[in-house]
Chemist: 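Have a look at this one before I ask anything.
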Amino acid sequence: MSFKLVLSLVFLIEFYTFVYTRKLIMSETASINLNGKTLELSVITGTENEKAIDISKLRDQSGYITLDPGFKNTGATKSAITFLDGEKGILKYRGYKIEELAEKSTFLEVAYLLIYGELPSKQVLEKFRSDIKGQMMVHEDMKNFFAGFPSKSHPMGQLSCLVGALSAFYPESLNPNQNEEEEYQTIVNLIGKMPTIVSWIQKKSLGHPVVYPKKDLGYIDNFMNMIFGEVNCDKIFDDAVLDAMRVLLILHADHEQNCSASTVRIVGSSNANLYASISAGINALWGPLHGGANQAVIEMLEDIKKDGGDVEKYLAKAKDKNDPFRLMGFGHRVYKNFDPRAKIIKKAADEVLEKLGVQDPVLDIAKGLEQAALSDQYFIDRKLYPNVDFYSGIIYRALGFNAEMFTVLFALGRLPGWIAQWKEMRDNKEPIGRPRQVYTGEVDREYVDLENR
Ligand code: CMC
């Protein structure tokens, strides 16, 4: 066979495969039969071959809505930011595997990737870094507002208020219809100020004066110095500490349509500004079923330790349907195999504790609990595995953070993901988020006067 013939054959095969798969993608439909009437619904296929039935016109065609409390099986958007396969334990940001990003990239590189879709070139990254560094100072007047918080207020409550308050101190970035350059400025402003705000909260909890950002330090070094350094006395950190922080921030940077990301998108869909939308996301993250789990895990492990370290007793409590206790840091809405982030974090926890020479008895309890749960039929049947929050608190503790700060650290890592979700929703011109409901309340009641009730 001549070379030309082989080439034409290869071309034909490629061409027909392309047409055939395109046809499949375009022509697949789902039918639904309602009261004898058949409705055809189109099927959408994602780039990782995920399938969805498009029900957006269902109500117009039939009067019916779909019901799915907790959105367990509902896609709220098409997104090109993060892909995860819960059955296979795969997580990718913009097509790059989380394992590779955690090993090779910096946090700001990942932030740029999530928000703008591509890994930045050297020059672009340098500009992004320096623009962010230039925005790390927070308006001094914000300190007056900050001073009003009682020193014992929960860091997450303070964080959401302070991020929301940025809209009052930087009103030039309030317009959600900013041009590209203005939007970029708002984004670098927020990424720059977030570590400074977090450090204020930490310092307040200790009653210590705040430490200002330094021009000669990088993003993570600056953050750690503002947290653990003292005025006029910088702190030098072991590379292992800075690296653990880098990995943790990258692993938390995005996780597609979770509770807080969906909150950010839905708040932003009303044309609320970026600060207001992120502030709402911070509140959504606070709950112990979401980001607040990292604090809850350490508190649970401490309780088990105080109670004699009997992990079986706590496993039994977690399985008892009459006991509200849940094994914090276990289970996930989407991961039904393992959470790839937990794998990386567990290894990082071992490494950082060894490097710092920290002996944490709570780590032994965590390992014992994990082992017992993974071989327990209740957890096997329900596909419950340790999630990202199970081991992250152990690292944060080893680095010197108190438990109430853990979820704030999650928020610092998640910030680029929230911004990316907000920006994608705006760029796609998505409509205002407004779910339907099935009303189950009373119908047509007569008002009864107060004296007759
Ligand atoms: N301990 C004991 N039982 C559990 C747990 C747990 N941690 N998680 C789920 N189950 C059981 C649950 O009782 C139910 O059992 P059954 O089918 O007999 O009624 C079954 O597993 C399915 O649970 P679900 O509550 O329907 O699952 P969900 O997808 O609605 O909830 C979850 C997911 C993460 C909220 C839940 O697993 C949980 O509460 N875990 C503990 C809190 C936690 O660690 N949250 C952090 C999540 S990862 C960080 C993040 O991205 O937010």
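As a basis for the values below, the full set of heavy atoms in this structure was taken, side chains included, without hydrogen atoms, waters or symmetry mates. Whatever order the structure lists ligands and atoms in, that order sets their numbers, starting from 1.
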Chemist: Per the salt bridge (charged side-chain N to carboxylate O under 4.0 Å, His left out) rule, what does the pair list look like for residues 246-259, sequence neighbours excluded?
Modeler: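 Residue pairs with at least one partner in residues 246-259: D243-R246.
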Chemist: Please list the nearest protein heavy atom to atom 42 (C) of ligand 1 with its residue and the distance rounded to 0.1 Å.
Modeler: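 It is M328 CE, 3.5 Å.
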Chemist: Closer than 3.5 angstrom, by distance alone: can the side chain of N387 be matched with the main-chain N or O of H332 as a donor-acceptor pair?
Modeler: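 No, N387 side chain to H332 backbone: no donor-acceptor pair under 3.5 Å.
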Chemist: Assess G329 for proximity to ligand 1: is some non-hydrogen atom of it under 4.0 Å away?
Modeler: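 Yes, G329 has a heavy atom closer than 4.0 Å to ligand 1.
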Chemist: Considering only heavy atoms, does L384 approach ligand 1 within less than 4.0 Å through its side chain, its backbone, both, or neither?
Modeler: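 Under 4.0 Å from ligand 1, L384 contributes side-chain atoms alone.
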Chemist: With atoms numbered from 1 as shown, which atoms in ligand 1 lie under 4.0 angstrom from a non-hydrogen atom of A318?
Modeler: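 Those qualifying, in numeric order: 2 (C).
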Chemist: Does the ring center of F406 lie less than 6.0 Å from the ring center of F401?
Modeler: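 Between F401 and F406, which both carry aromatic rings, the centre distance is not below 6.0 Å.
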Chemist: Just wondering, are more than 12 heavy atoms of other shown residues or ligands nearer than 6.0 Å to CG in L206?
Modeler: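 Result for CG/L206: enclosed.
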Chemist: So is D389 polar-close to ligand 1, meaning N/O to N/O under 3.5 Å?
Modeler: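 No; every N/O pair is 3.5 Å or more apart.
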Chemist: Which option wins on minimum heavy-atom distance to atom 24 (P) of ligand 1: R333, R326, K321?
Modeler: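 Shortest heavy-atom distance from atom 24 (P) of ligand 1: R326.
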Chemist: Between Y314 and F325 (judged by ring centroids, cut-off 6.0 Å), do the two rings come close enough to count as a pair?
Modeler: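 Aromatic pair counts; centres sit under 6.0 Å.
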Chemist: Whether the side chain of S270 engages the backbone of I266 through a donor-acceptor N/O pair (distance < 3.5 Å, no angle test) should be reported.
Modeler: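 No: the side chain of S270 does not pair with the backbone of I266.
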Chemist: Among C259, A373, P386, A293, which residue places a heavy atom closest to atom 43 (C) of ligand 1?
Modeler: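 Going through C259, A373, P386, A293 one by one, A293 has the nearest heavy atom to atom 43 (C) of ligand 1.
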Chemist: Nearest heavy atom to atom 18 (O) of ligand 1: which of R382, H332, H255, K336 does it belong to?
Modeler: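 Going through R382, H332, H255, K336 one by one, R382 has the nearest heavy atom to atom 18 (O) of ligand 1.
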Chemist: Does the N or O separation between L327 and ligand 1 drop below 3.5 Å for any pair?
Modeler: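 There is such a contact, yes.
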Chemist: Which atoms of ligand 1 sit under 4.0 Å from any heavy atom of K72?
Modeler: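 Going through ligand 1 atom by atom, the ones under 4.0 Å from K72 are 26 (O), 30 (O).
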Chemist: Would you please classify the geometry between the H154 ring and the W286 ring as parallel, tilted or perpendicular, with 30° and 60° separating the classes?
Modeler: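 Because their plane-to-plane angle lies in the 30° to 60° range, the rings of W286 and H154 count as tilted.
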Chemist: Closest non-hydrogen protein atom to atom 52 (O) of ligand 1, residue and atom name please, with distance?
Modeler: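 In this structure, atom 52 (O) of ligand 1 has H290 ND1, 2.5 Å as its nearest protein heavy atom.
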Chemist: Is Y378 close enough to touch ligand 1? Criterion: a residue heavy atom under 4.0 Å from a ligand atom.
Modeler: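 Judged by the 4.0 Å heavy-atom criterion, Y378 does count as contacting ligand 1.
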Chemist: Can you find a protein heavy atom closer to atom 50 (C) of ligand 1 than 4.0 Å?
Modeler: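 There is a protein heavy atom less than 4.0 Å from atom 50 (C) of ligand 1.
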Chemist: Looking at Y170, does the NZ or CZ of K193 lie under 6.0 angstrom from its six-membered ring centre and within 45 degrees of the ring axis?
Modeler: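 Yes - K193 lies over the ring of Y170, closer than 6.0 Å to its centre and within 45° of its axis.
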Chemist: Does L289 have a non-hydrogen atom less than 4.0 Å from ligand 1?
Modeler: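 In this structure, L289 qualifies as a contact of ligand 1 - some heavy atom is under 4.0 Å.
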Chemist: Check each atom of ligand 1 against the heavy atoms of V388 and keep those under 4.0 Å away; list them by number with element.
Modeler: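 Answer for ligand 1: 49 (C).
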Chemist: Who gets closest to atom 34 (C) of ligand 1 by heavy atom: G291, A261, A342, G331?
Modeler: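 Heavy atom nearest to atom 34 (C) of ligand 1 belongs to G331.
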Chemist: Report the nearest protein non-hydrogen atom to atom 41 (C) of ligand 1: residue, atom name, distance rounded to 0.1 Å.
Modeler: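 Here the closest protein heavy atom is F330 O, 3.3 Å.
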Chemist: Do the side-chain N and O atoms of N402 and R397 include a donor-acceptor pair separated by under 3.5 angstrom?
Modeler: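 Short answer, no.
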Chemist: Looking only at non-hydrogen atoms, find the nearest pair between H252 and S392 and report the distance.
Modeler: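 Smallest interatomic distance, heavy atoms only, reads CE1-CB, 4.3 Å.
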Chemist: Take atom CD in E118; do more than 12 heavy atoms of anything else shown fall under 6.0 Å from it?
Modeler: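 No, the 6.0 Å shell around CD holds no more than 12 heavy atoms from other groups.
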